[in-house]
K.L.:
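First the structure, which I've put down as structure tokens, then a few questions once you've had a look.
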There are 2 protein chains.
Amino acid sequence: MLDERKQRILQAIINDYISSAEPVGSRTIARKYDLGVSPATIRNEMADLEMLGYLEQLHTSSGRVPSSKGYRFYVDGLLPHQEMSENEKALIDKWYKAKVRRVEEVFQETAKIISRVTKNISLVLAPQLSQAAFRCLQFLPLDGRRVIAVIMTDAGFVENKIVEMPDGATFEDFRRMSNVINKVLAGHTFDMISSESLQRIRDEIMDSTLYDAALELIHRSLDTEKTERLYLGGTTQLLNQPEFRDVGKIKDLLLMLEEEQLLKDILHAHLGDGLSVTIGHENKYSGIQDCSIVTATYHLDGELLGTIAVLGPTRMEYGKAMSLLSYMNNNLAEIIKQLRW
Amino acid sequence: MLDERKQRILQAIINDYISSAEPVGSRTIARKYDLGVSPATIRNEMADLEMLGYLEQLHTSSGRVPSSKGYRFYVDGLLPHQEMSENEKALIDKWYKAKVRRVEEVFQETAKIISRVTKNISLVLAPQLSQAAFRCLQFLPLDGRRVIAVIMTDAGFVENKIVEMPDGATFEDFRRMSNVINKVLAGHTFDMISSESLQRIRDEIMDSTLYDAALELIHRSLDTEKTERLYLGGTTQLLNQPEFRDVGKIKDLLLMLEEEQLLKDILHAHLGDGLSVTIGHENKYSGIQDCSIVTATYHLDGELLGTIAVLGPTRMEYGKAMSLLSYMNNNLAEIIKQLRW
DNA sequence: GTTAGCACTCACTTATTCAGAGTGCTAACA
DNA sequence: TGTTAGCACTCTGAATAAGTGAGTGCTAAC
């Protein structure tokens with residue numbers, strides 16, 4: 001374990017590096033932070049901290065830079081707990097109020113706010129509905145050949161699909177079909193729709209072309225309901241960070257950000273962790289091993305959940321990101337509920 | 001007017017510059033393109049072309065670069081008409097088939113394809129529905145307090161909204177309301193819904209709280225139907241272009257690309273022009289005066305329209321972009337119709 | 001244990017040189 | 001008169017060299 005002075009020095013170094021983005025030397029620390037010791041002493045301590053793996057040196061005669069381990073220690077132990085100021089909270093509330101009309105816009109706007117406040121990239125994973133319970137299905141006639149299926153879930157989401165009627169089928173057949181499906185599936189989450197349920201529907205419908213139509217409809221619903229949406233914000237913030245002065249690096253990261261599935265996987269890894277911080281090399285995906293991710297999982301009606309995250313260089317204002325995500329987290333469920341009516 | 005030889009030289013220079021991105025000198029032209037004259041002669045011609053404003057020189061002793069006027073002449077007169085090869089067409093069709101399930105995905109995928117093929121940024125403006133005709137509205141009961149409104153348009157789009165019932169109103173009231181609205185608005189485009197129609201609805205409903213609910217519903221529909229969506233593709237392609245080796249320029253353009261309204265305005269300016277090319281300084285918005293935009297307007301059922309576009313440095317493969325957009329244009333309406341069922 | 005002093009390292013900046021590509025001009029040529 | 005070869009000149013970009021400054025590690029004194 002690090003003694004008191006080493007901790008204070010490490011903290012000073014990380015604070016300084018986070019705000020300056022320059023390798024920090026003993027002299028700077030001695031001057032800016034009043035630790036009551038000379039640069040030489042700090043140099044010795046820094047050498048120790050490097051030995052222990054908390055700091056790194058780019059070349060023999062440059063200042064030190066925090067390592068992943070250093071940041072980890074900082075985040076776990078040295079970081080003073082921060083809260084958003086009332087001012088900031090009010091500002092965020094105002095942004096939401098001004099912009100948000102539809103549920104979709106909540107996620108979009110959340111991403112924007114996070115990136116604006118943290119000056120980093122934000123990721124917002126909207127809840128997937130596979131854990132929502134099926135509530136009911138109704139058909140509406142569209143024209144002679146087609147009907148509209150309206151599907152509702154317990155969480156209050158509504159979707160519609162246009163369905164082609166098989167030859168010979170009537171709207172009355174479809175109404176009968178909806179009764180069967182409603183009876184069998186009511187209360188089932190989309191995840192839980194099993195082959196057994198399908199079998200029951202088949203038995204009750206007793207008409208194979210109708211059953212096929214029902215099956216296709218259910219599959220199409222599952223398809224859309226299961227795909228969760230990912231909202232990205234602030235990719236241009238990247239360009240202001242000195243660690244991305246190089247076009248090659250920008251390209252690498254932007255290309256990665258286009259790989260939606262990869263991003264989803266990364267966020268999934270932290271689903272349910274509450275507030276979690278992953279630093280530099282702790283990241284499994286090598287493309288972001290000089291970045292850190294702060295994630296927070298939010299809940300909606302107990303079950304349904306999504307994730308919001310900040311992605312930025314390891315040199316990141318962790319305190320700010322964490323306090324912001326906590327706040328957004330609490331807000332988000334509330335705002336979505338209000339909007340859903 | 002330029003004589004035959006000047007034209008051929010201009011063409012050669014532009015071709016070369018488009019593929020090399022390097023200022024091109026007399027020697028290169030003489031060597032690569034068999035014009036039957038010596039570099040010295042070409043030098044003289046190039047000096048003339050510069051005088052006439054078709055070429056520019058960065059400094060006294062560098063090769064020449066085409067000016068906006070030069071590209072304009074090239075696009076209008078020198079560009080051989082190109083068609084997509086059957087191979088490419090087949091490839092594109094395959095991409096669509098593999099990826100596209102929902103109407104929304106058509107636009108998304110179109111943007112992706114355009115950027116992939118042209119290696120530039122693509123813009124796809126999805127048709128706004130304000131010109132779609134209202135077809136019918138139906139209500140479904142959701143729970144005691146709320147109903148679902150399902151709105152259909154002639155173009156085959158279906159939307160739903162959750163509506164809160166005013167105190168004391170019953171589902172039967174809403175059913176009656178839908179009858180009135182359907183009678184009055186049937187066949188009206190969203191653009192055409194006038195205060196007169198609203199007045200008629202008011203007269204028929206004869207209940208001010210119910211009328212308020214109806215009004216709100218109509219407004220909400222107009223809100224969503226009127227906002228057209230913009231899909232962007234290939235922003236990372238930017239980073240491969242040598243003209244964007246500089247981080248500052250990347251930032252400027254990426255920031256501009258975040259201004260959705262601005263982009264829409266730019267596309268709107270060309271709405272209905274068919275295939276249109278805007279080069280460099282011809283652009284009104286100063287942020288893209290070293291870029292060119294190729295746009296094409298597509299139609300859906302005569303009225304409904306949108307725009308697809310390629311945005312890239314003035315040094316762009318105009319022929320490729322134009323032939324691709326023409327092809328996509330023809331395809332797009334077809335694919336959307338098929339998908340809509 | 002702490003600190004001052006000093007030699008040393010390394011990146012970054014500035015200046016200089018040099019090669020290469022390209023031009024414009026002149027004079028010769030067909 | 002239009003075309004071309006030749007040549008002096010210009011400018012960029014890469015390579016090299018020297019100088020500067022921030023920072024370190026080590027040693028010896030406090």
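Every chain is numbered from 1 and lettered A, B, ... according to where its sequence line falls, protein lines coming before strand lines.
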K.L.:
Tell me: CZ of B:R5 to P of D:dT4, nearest whole Å?
P.N.:
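Nearest whole value for this atom pair: 8 Å.
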K.L.:
When the distance from CG of A:N44 to C1' of D:dT24 is rounded to whole Å, what number comes out?
P.N.:
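Whole-Å distance recorded here is 11 Å.
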K.L.:
Return the value, rounded to whole Å, for the distance between atom NE2 of B:H59 and atom C1' of D:dT12.
P.N.:
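My rounded result for the distance is 6 Å.
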K.L.:
Looking only at side-chain N and O atoms, does A:S62 come under 4.0 Å of OP1 or OP2 in D:dT24?
P.N.:
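Answer no for this pair, as no side-chain N or O of A:S62 is under 4.0 Å from OP1 or OP2.
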K.L.:
With a 3.5 Å cut-off and just heavy-atom distances, do the side chain of B:S61 and the base of D:dT10 make a donor-acceptor pair?
P.N.:
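Check passes, donor-acceptor contact within cut-off.
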K.L.:
Does A:T60 have a side-chain nitrogen or oxygen under 4.0 Å from the phosphate oxygens OP1 or OP2 of C:dT9?
P.N.:
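No.
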K.L.:
C:dA21 phosphate, OP1 or OP2: any side-chain N/O from B:R64 under 4.0 angstrom?
P.N.:
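No, because none of the side-chain N or O atoms of B:R64 sits under 4.0 Å from OP1 or OP2 of C:dA21.
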K.L.:
Rounded to whole Å, please give me the gap between CD1 in B:I42 and P in D:dG2.
P.N.:
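Result: 17 Å.
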K.L.:
For A:Y71 and A:Y318, take the angle between the two ring planes, folded into 0 to 90°, and tell me which bin it lands in: parallel under 30, tilted 30 to 60, perpendicular over 60.
P.N.:
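Judged by the thresholds at 30° and 60°, the geometry between A:Y71 and A:Y318 is tilted.
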K.L.:
DNA chain D: A:V24 or B:T41, which has the more 5' nearest nucleotide?
P.N.:
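Its nearest nucleotide being more 5', the pick is B:T41.
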K.L.:
Could a donor-acceptor pair under 3.5 angstrom be found where the side chain of A:R31 meets the base of D:dG23?
P.N.:
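No, no donor-acceptor pair under 3.5 Å.
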K.L.:
According to a strict under-4.0 Å criterion, is B:R27 in side-chain N/O contact with OP1 or OP2 of C:dG20?
P.N.:
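Looking at the OP1 and OP2 atoms of C:dG20, neither is under 4.0 Å from any side-chain N or O of B:R27.
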K.L.:
Atom CG in A:N120, atom CD in A:E317: separation rounded to 0.5 Å?
P.N.:
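Result: 8.5 Å between the selected atoms.
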K.L.:
Map every base of DNA chain D to its dot-bracket character, where paired means a Watson-Crick or G-U wobble contact with both distances under 3.5 Å and | marks a partner outside the strand.
P.N.:
||||||||||||||||||||||||||||||
K.L.:
Let me know the distance between CD of A:E22 and P of C:dC12, rounded to the nearest Å.
P.N.:
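In whole Å, C:dC12 P lies 10 Å from A:E22 CD.
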K.L.:
Can you measure B:E56 atom CD to C:dG22 atom C1' for me and round it to whole angstrom units?
P.N.:
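So the CD-C1' distance, B:E56 to C:dG22, works out to 17 Å.
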K.L.:
Any donor-acceptor pair under 3.5 Å between the side chain of A:R43 and the base of D:dG25?
P.N.:
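Result: at least one qualifying N/O pair found.
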K.L.:
Apply salt bridge (charged side-chain N to carboxylate O under 4.0 Å, His left out) to A:D252 and A:K249, showing your working.
P.N.:
CA-CA 5 Å; A:D252 288 347; A:K249 281 198 180 167; over 6 Å; no
